[in-house]
Asks: 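Mind looking over this structure? Questions follow.
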Amino acid sequence: MKRVKYIFLTGGVVSSLGKGIAASSIGLLLKSRGLRVTVQKFDPYINVDPGTMSPYQHGEVYVTEDGAETDLDLGHYERFLDMNMSRANNTTTGQVYYEVITRERRGDYLGATVQVVPHITDEIKRRMTELARTGNYDVVITEIGGTVGDIESLPFLEAMRQLMLKVGRENFLSIHLTYVPFIEAAGEVKTKPTQHSVKTLLEIGIQPDILIIRSHKGISSEIKEKIALFCNVQTNCVVSAKDVSTIYQVPLELASEGLDEIIIKKLHIRAKRPDLSKWRKLVKKILSPKSSVTVGICGKYNMVPDAYKSILEAFVHAGAENDVKVDIKWISAEAIEDGNNISKHFEGIDGLLVPYGFGERGSEGKIKAIKYVRDKKIPFFGICFGMQLAAIEFARNVLKIKDASSSEIKLTANNVIDLMEEQKGITEKGGTMRLGAYACTIKRGTKTYETYKSVNITERHRHRYEFNNRYRMAFEEAGMVFSGINPDKDLVEIIELPSHPWFIACQFHPELKSRATKAHPLFREFVRACKQHRKT
Ligand code: GLN
């Protein structure tokens, strides 16, 4: 069997340098050379997964096909590589300790003192090599979350060092992503933070092979030489990654610096020349749209755009396919709660998206926003909580069921959205929602069918509540069409209003399946409807 090559990506100096984008870009470059690649992320926090964290803390929770609640970087991996990730692609410190402590309680350690080295690091190494052991990959890229120097990520770096010895230097590559700031007063860039960050790695026993240098405007060859000298790296292995206007340019930037060439040389990989033609076309479309549309997003996590990461990216993909730029206007659900002046908030808006959400706060504002666009025939797209609220709005204002609500918001005689039978009695919070991919049957003759052009689809879920089937007939009689149904449990997955130019809402999360070069059909058609709305 061919040896699997390991690439590790660590980050230095500051967080938010775009390690996830860098890992995805490296993955894309190697994949486009015909290699079988996967990317995994190791997160230093103690939570077993981000599923229990607030969107304010962690941004979006990315759900995989197999129902794992994971870090949002896995979304980038999927979008860039056009591949499904799984539970095995994201490990947290919480999972590692959980596993080791469970074994200890079982008595597996036979009287030994259980320690960070070797027991925790052994479990980390087991996970670091798990995907490699499937035989499905030539290269496994591992992104280590956090910044070098953090107390929390130390065991990951130690495991990485041990693994380097185990698999051999020729099969192991360490890439460090760092930052070179421009100091206005001095009128020059500063390399010292990078030197310090590399020094910290060296103290742990890891010599980076390649440095990817983030900076605002790029770095000169003199600066590259200086960094190479101080950090003990070959000059051609100091790769510049300056700010670009879209994340989708990053792979092309890194390719123009020769990064993929350096990687395959250092790892002794034989691979064909990369084919990036599709990707170049995408970037061209993103950078030079023919026109624009404005989509209003009415949510309650508006101040943390990371909370809607996949939705925002799905709009980039859908915009590219429609030759438009999708501008986002954030509409605060709470600001329109009193119902006054709604039209002011909707000035210039070509379509409304109501995204996922939890809890009562902001829900009445979202319901008012949905009523407004339903009345005014402005395109509407509801996702998960957005679909549930669209159902409540319809029940209240069309069926005149005044107390219609979701039992998540308020218990009334008419909970048109209610807890699923199997959710009743569940008290544990972690990993207990309806999670991951489920089948959905699309009704022919609907807009939904025209969109998917297929009867059998699967989509990813993350919710506890469902449309209450007791109300199905009344809704249908009033003109609502249930255009997508889960065939196994007869659950409502998609609703649409044929009397409206574009009013579709789904119980699942289509944004999780949108890919850079393959926009999700619902996003693509929603943006098309917005374009139509702008024209008229
Ligand atoms: N809070 C709702 C539920 O749990 C919707 C969840 C969501 O929007 N992802 O069913």
Side-chain angles (χ1 to χ4, degrees), residues 49-65 67-70 72 75 297-302 304 306-312 314 333 352-367 369-370 380-393 395 404-412 415-438 440 459-469 471 484 486 489 491-495 504-514 520 522-523:
D49 61 44
T52 53
M53 279 188 236
S54 148
Y56 295 112
Q57 287 273 321
H58 186 270
E60 166 186 279
V61 174
Y62 193 79
V63 181
T64 53
E65 287 288 294
E69 296 179 282
T70 71
L72 54 77
I297 297 184
C298 183
K300 71 172 176 187
Y301 314 119
N302 284 359
V304 220
D306 261 6
Y308 304 116
K309 193 87 215 165
S310 292
I311 289 177
L312 297 177
L352 171 72
L353 177 115
V354 176
Y356 80 96
F358 293 86
E360 189 256 332
R361 188 169 62 80
S363 58
E364 289 303 321
K366 294 180 195 177
I367 291 173
I370 297 168
F380 168 72
F381 187 11
I383 293 180
C384 208
F385 202 40
M387 185 203 92
Q388 298 175 355
L389 296 175
I392 294 169
E393 189 279 320
S405 191
S406 161
S407 44
E408 179 181 8
I409 300 170
K410 195 176 181 189
L411 288 174
T412 72
N415 285 133
V416 295
I417 303 297
D418 204 359
L419 211 52
M420 279 182 282
E421 214 35 62
E422 53 263 56
Q423 282 289 336
K424 293 179 183 160
I426 291 182
T427 50
E428 287 250 328
K429 288 281 181 283
T432 53
M433 285 189 245
R434 183 182 176 205
L435 289 166
Y438 284 87
C440 173
E459 292 281 4
R460 297 185 200 167
H461 292 249
R462 183 175 188 255
H463 56 102
R464 288 185 205 284
Y465 296 82
E466 298 282 351
F467 185 86
N468 184 341
N469 280 342
Y471 294 89
N486 170 270
K489 297 231 160 100
L491 298 170
V492 170
E493 305 284 39
I494 312 176
I495 61 175
I504 297 182
C506 49
Q507 184 57 77
F508 48 78
H509 290 273
E511 72 275 20
L512 302 176
K513 285 181 73 169
S514 189
H520 189 284
L522 284 172
F523 276 88

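All values derive from a computational prediction rather than experimental measurement. Every number for a ligand or one of its atoms is a count from 1 in the order of the listing. These values consider heavy atoms only, across backbone and side chains, with no hydrogens, waters or symmetry-generated copies.
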Asks: May I ask you to decide if the ring planes of Y301 and Y308 are parallel, tilted or perpendicular, using 30° and 60° as cut-offs?
Replies: tilted
Asks: Non-hydrogen atoms closer than 4.0 Å to ligand 1: which protein residues do they belong to? List them by chain and number, please.
Replies: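 Correct list: Y356, G357, F358, C384, F385, Q388, E408, R462, H463, R464, Y465, H509.
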Asks: Under 3.5 Å, is there a donor-acceptor pair between the side chain of Q423 and the main chain of T432?
Replies: yes
Asks: Establish, yes or no, whether a centroid distance under 6.0 Å links the rings of Y465 and F385.
Replies: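 Not under 6.0 Å, so no.
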Asks: So, E69 and R462, do they make that salt bridge, N to O below 4.0 Å?
Replies: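 Salt bridge flag = yes for R462 with E69.
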Asks: Should we say atom CD of E422 is surrounded by more than 12 heavy atoms from elsewhere, each under 6.0 Å from it?
Replies: yes
Asks: Are the side chain of K300 and the backbone N or O of S363 linked by a donor-acceptor pair below 3.5 Å?
Replies: no
